[in-house]
Novice: 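Shown below is the structure under consideration.
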Amino acid sequence: QKMTSRLAPAFGNFSAIKHANLLKQNRQLLPNLSQVVIKTSKFGAGQTAGRKFHKNFFPPLKYENPHVVFKAENLSEKISPVLELTYKDGRTKTIDVSNLTDKDIFETVVSNSH
């Protein structure tokens, strides 16, 4: 049991390192976006990936894209998690991310940024 408790924190750090390496390899600029909002519910199925996306991907994306406003809304009512992208020309695109992983959400943001 002592060994398991020592390894548990390392797993979390490995995850952060893995995401950092992914972002270094795929340094992303979001030239056409003005705002990225991830909306999740405080409870219910399918919410974890949105929260992980916020935790793991918002900080490096903010660093690379200071012109983009990043927001995370954790709502008390039960909703399907959505990603709202607002473009510089005023258009808004809402994407359901309930069946995606945090990496898939990141790739969705990048692919819809141009």
Novice: How about L33 and Y87: do any of their side-chain heavy atoms sit closer than 4.5 Å?
Specialist: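 A side-chain contact exists here, since the closest heavy-atom pair is under 4.5 Å.
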
Novice: Under a 4.5 Å cut-off applied to non-hydrogen side-chain atoms, are L61 and V68 in contact?
Specialist: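 L61 vs V68: side chains apart.
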
Novice: State, with a plain yes or no, whether a side-chain heavy atom of F53 is found less than 4.5 Å away from one of V97.
Specialist: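 No - every pair of side-chain heavy atoms lies 4.5 Å or more apart.
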
Novice: In this structure, would L83 and L75 fall into the same cluster of hydrophobic residues linked by side-chain contacts under 4.5 Å?
Specialist: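 No, because L83 and L75 fall into different hydrophobic clusters, even though each may have its own neighbours under 4.5 Å.
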
Novice: Working to the nearest 0.5 angstrom, can you tell me the gap between H54 NE2 and D102 CG?
Specialist: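 Reported to 0.5 Å precision, the distance equals 13.0 Å.
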
Novice: If two hydrophobic side chains count as joined below 4.5 Å and joins carry through other members, does F57 share a cluster with I95?
Specialist: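 Hydrophobic grouping puts F57 with I95.
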
Novice: Measuring from N56:CG to F106:CZ, what's the distance to the nearest 0.5 Å?
Specialist: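 N56 CG to F106 CZ: 11.5 Å, rounded to 0.5 Å.
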
Novice: Ignoring hydrogens and angles, tell me if any N or O in the side chain of K52 forms a donor-acceptor pair with the backbone of K103 under 3.5 Å.
Specialist: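 The answer is no, because no donor-acceptor pair under 3.5 Å joins these two groups.
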
Novice: Report yes or no: does H67 contribute a side-chain atom to a donor-acceptor pair with the main-chain N or O of L30 at less than 3.5 Å?
Specialist: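 Side chain of H67 to backbone of L30: a pair is present.
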
Novice: Between V82 and L85, is there shared hydrophobic-cluster membership here, with clusters defined by ILVMFWY side-chain heavy atoms closer than 4.5 Å?
Specialist: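 No, because V82 and L85 fall into different hydrophobic clusters, even though each may have its own neighbours under 4.5 Å.
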
Novice: I need the minimum non-hydrogen distance between S80 and S98, along with the two atoms involved.
Specialist: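 Looking at all heavy atoms of both residues, the shortest contact is OG-CB, 3.6 Å.
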
Novice: Ignoring hydrogens and angles, write down the donor-acceptor pairs under 3.5 Å from the side chains of residues 35-43, residues two or more places apart or on other chains.
Specialist:
residue, atom, partner, partner atom, Å
K39, NZ, E84, OE2, 3.2
T40, OG1, N74, OD1, 3.4
S41, OG, F43, N, 3.4
S41, OG, F43, O, 2.9
S41, OG, E77, O, 3.0

Novice: Does D89 CG have over 12 foreign heavy atoms under 6.0 Å away?
Specialist: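 Yes.
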
Novice: Determine whether more than 12 heavy atoms belonging to other residues, nucleotides or ligands lie under 6.0 Å from atom NZ of K55.
Specialist: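 No, not enclosed.
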
